[in-house]
Amino acid sequence: MEDFLFSNEQPPEVVSEEQGTWKVLIVDDEPEVHAVTRLALSDFKFQDRRLEFISAYSGAEAKKLIDEHPDAAIILLNVVMETDDAGLQVAKYIRNTVKNNYIRIILRTGQPGQAPERQVIVNYDINDYKSKTELTAQKLFTVMMASLRSYRDIISIEQSREGLEKIITASRNIFATHSMNNFIEGVMQQLTSLLNVADEAMYATTLVAQNPSEELNKKLIVCSGTGDFAKREGEELETVLAADQLLACQEALANKAIVYKDDYLFAYCSSKFNHNSMLFVSGVPSKLTDTQRNLIEIFSQNVQLAFENVQLHTEVEATQQELVYRLSEAVEQRSCETGNHVKRVAYICYELALAYGLSEEQANLIRFASPLHDVGKIGIPDAILNKPGKLNSDEWGVMKTHAGKGYAILKDSPRKIVSAGALIAQQHHEKWDGSGYPCGLKGESIDIFARIVALADVYDALRHKRCYKGAWTLEEAVAEINANKGTHFDPKLVDVFNDKLEDLEAVLLRFPDKTHN
């Protein structure tokens, strides 16, 4: 014969509050009910986790505990306490006010007549209804086991939903990335967020390591890392990893799969370009759930697609930049200028744009477009372009037409770089006080790109030898630019120039003039 739980005997209270437990709220106004419930379930385990009991003795107290313990798995809830429907009001509070749809509500009552089972089941979102007189230790065990299984499955579904939501967000963020460094940082950030780890991670790929002279070198090279790998970029992976890690990496590479170890993983990412890409994350939980493993697999697939997207964008961008440089240098070669002027101007503009307050995107755009500033000189006769002395008024009139010619060549393009280049070509000889050409624009009516290029172009020209002059010293160039503050140049931009002078001089050293063959 089964032992009924709710007898007159009051056994001692048994409490189990271990880490990694299932929280169970006991809500009843009778202390002996709490005690006997704890005793009956004192040795209960589900998936190697014991129960953690939390007690409330009224409906009002129960509501507070629900707020404090949103991760509770089960609530054993009495109906009649301080009022005849106190427990029913708690059930309504859980589902309607707190919006907690995870916790399993087991209603227990010693007075079934006060809350008829059929009416309660229909009107309240509860998961089980038991009369205290029928609830034996075995039946309590059974209902707890069934409720915990249900709670586990609901949480698993919710984690999958949240994980897939993270996958979508991560994929959107990564696909919006056009910088390789930002892409790799984004991959690591999203994956560690997905797994709730923040130890160390790196992304290695042969693609970054390849160059035309070493096509046979298929060794993986670290191209970005965090934690212990933060300063290991450019090193071969086999020199960075420990022996056991290297074996795991080789296993993932050979099987084109994800390999899990005690506290780290290697994820191979396939590529239609046949470049081996390897994602490494350490600090991974020792026991990954099936949901987490599934999310890693989905994420790895999306990472590769995004990786190829970044590579394609990088290739297109690099091709555009090379064509711009080659076109601009072709113009330079018609004059006695000795090359690298357009590269210096490009990077000077980039530094000035960032310091002026432009965004990284805008600074890169002016860097790509500024080499086109003098493209109109392709239409200027050699006799004028390379005249060693001062130009006469007629010759100067012809020279000034290069601004309009450059604009005519580049205008009406839907491409950002070419469109920005057209504007720069047209306006980079305008002056802050309105005395420039070709349109006599004044102040902020001159586009900021053109204002920046105007200063960068003059600064670089002053600091280097030209067919009509020698190179000026730094002091002479700085004095000249400051003398034209508010007349030729934007005053704020001159202040930025003075602040960034050290960085600008570094650009000149980075791209020295080269002599024509």
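Predicted model only: the values in this text are computed from it and were never measured.
Between Trp432 and Pro491 the shortest side-chain heavy-atom distance falls below 4.5 Å. Using a 4.5 Å cut-off on side-chain heavy atoms (C-beta onward), Leu358 and Ile366 make no contact. Contact check for Tyr93 versus Asp67: side-chain heavy atoms found under the 4.5 Å cut-off. Between Asp244 and Tyr264, some side-chain heavy-atom pair lies under the 4.5 Å cut-off. Side-chain contact between Leu462 and Glu476 is absent, with no heavy atoms from C-beta onward closer than 4.5 Å. With a 4.5 Å cut-off on side-chain heavy atoms, His464 and Arg344 count as touching. A 4.5 Å side-chain heavy-atom check between Leu265 and Val259 finds every atom pair outside the cut-off. Side-chain atoms of Phe449 and Gln362, non-hydrogen and from C-beta on, do get closer than 4.5 Å to each other.
Between Lys23 atom NZ and Arg49 atom CZ the span is 10.5 Å, to the nearest 0.5 Å. Summarising the geometry, atom OG1 belonging to Thr97 is positioned 11.5 Å from atom CG belonging to Asn100; distances are rounded to the nearest 0.5 Å. In this structure, CG on Leu504 lies 11.5 Å from CG on Leu509, to the nearest 0.5 angstrom. A distance of 4.0 Å separates OH of Tyr356 from CD1 of Ile448, quoted to the nearest 0.5 Å. Between Leu253 atom CG and Lys256 atom NZ the span is 8.5 Å, to the nearest 0.5 Å. Separating the CD1 atom in Ile54 from the OG1 atom in Thr21 is a distance of 8.0 Å, to the nearest 0.5 Å.
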Walk me through whether Leu385 and Met399 qualify under side-chain contact (heavy atoms from CB on, under 4.5 Å). CA-CA 7 Å; Leu385 194 62; Met399 176 63 82; 4.1 Å; yes
Would you please test Glu251 and Lys261 for side-chain contact (heavy atoms from CB on, under 4.5 Å) and show each step? CA-CA 11 Å; Glu251 180 184 345; Lys261 294 298 180 181; 4.1 Å; yes
Assess whether side-chain contact (heavy atoms from CB on, under 4.5 Å) is satisfied between Val496 and Leu455, documenting all intermediate values. CA-CA 11 Å; Val496 169; Leu455 194 152; over 6 Å; no
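Residue Arg152 places its CZ atom among more than 12 non-hydrogen atoms of other residues, nucleotides or ligands, all under 6.0 Å distant. Other residues, nucleotides and ligands contribute at most 12 non-hydrogen atoms within 6.0 Å of the CG atom of Asp262.
When the salt bridge (Lys or Arg N to Asp or Glu O under 4.0 Å) test is applied to Lys500, the partners found at least two apart in sequence or on another chain are Glu351, Asp503. By the side chain to side chain contact (heavy atoms under 4.5 Å, CB included) test, Tyr407 is found to be paired with Lys411, Ala422, Gln426, residues two or more places apart in sequence or in another chain being considered. Scanning for side-chain hydrogen bond (donor to acceptor under 3.5 Å, both in side chains) contacts around Ser393 gives an empty result, with sequence neighbours left out. Residues passing the ring pair (Phe, Tyr, Trp, His ring centres under 6.0 Å) test with Phe497 are Tyr459, sequence neighbours excluded. Qualifying side-chain hydrogen bond (donor to acceptor under 3.5 Å, both in side chains) partners for Asn364, counting only residues two or more places apart in sequence or in other chains: Glu360, Arg367. Qualifying salt bridge (Lys or Arg N to Asp or Glu O under 4.0 Å) partners for Asp457, counting only residues two or more places apart in sequence or in other chains: none. Remark: His488 engages Lys431, Val458, Asn484 in a side chain to side chain contact (heavy atoms under 4.5 Å, CB included) (not counting sequence neighbours). Glu361 is linked by a salt bridge (Lys or Arg N to Asp or Glu O under 4.0 Å) to Lys416, counting only residues two or more places apart in sequence or in another chain. Scored by the side chain to side chain contact (heavy atoms under 4.5 Å, CB included) test, Arg95 finds Asn101, Ile103, Arg104, Ile105, Asp125, Asn127 as partners (sequence neighbours excluded). Among residues two or more places apart in sequence or in another chain, the salt bridge (Lys or Arg N to Asp or Glu O under 4.0 Å) test is passed with Lys485 by Asp495.
What you find for Asp460 and Val345 is that their closest heavy atoms are CB-CG2, 4.3 Å. Pairing each heavy atom of Leu372 with each of Gly421, the nearest pair is CD1-CA, 4.0 Å. Taking both residues in full, the closest heavy atoms of Ala252 and Tyr268 are given as O-CB, 3.7 Å, listed atom of the first, atom of the second, then distance. When all heavy atoms of Leu501 and Val478 are compared, the pair lying nearest together is CD2-CG2, 3.5 Å. Closest approach of Ala450 and Ile424 over heavy atoms only: N-CG1, 4.4 Å. Heavy-atom minimum distance, Ala72 versus Tyr151: O-CE1, 3.7 Å.
Sorted pairs that involve residues 374-394 and meet ring-ring contact (aromatic ring centres under 6.0 Å, His included), not counting sequence neighbours, are lacking altogether. Residue pairs meeting the salt bridge (Lys or Arg N to Asp or Glu O under 4.0 Å) criterion with at least one partner in residues 441-455, sequence neighbours excluded, are Arg451-Asp490.
Of the possible donor and acceptor atoms, one in the side chain of Gln245 sits under 3.5 Å from a partner among the backbone N and O of Ala242. Panel note: side chain Lys405, backbone Ala408; no donor-acceptor pair is recorded below 3.5 Å. At least one donor-acceptor pair closer than 3.5 Å links the side chain of Asn392 to the backbone N or O of Glu395. Side chain of His428 to main chain of Ala425: a donor-acceptor pair is present (N/O by atom type, distance under 3.5 Å, no hydrogens or angles). Proximity of a side-chain donor or acceptor of Glu430 to a complementary backbone N or O of Gln427 within less than 3.5 Å is not detected. Thr239 contributes a side-chain N or O that, together with a main-chain N or O of Glu236, makes up a donor-acceptor pair within less than 3.5 Å.
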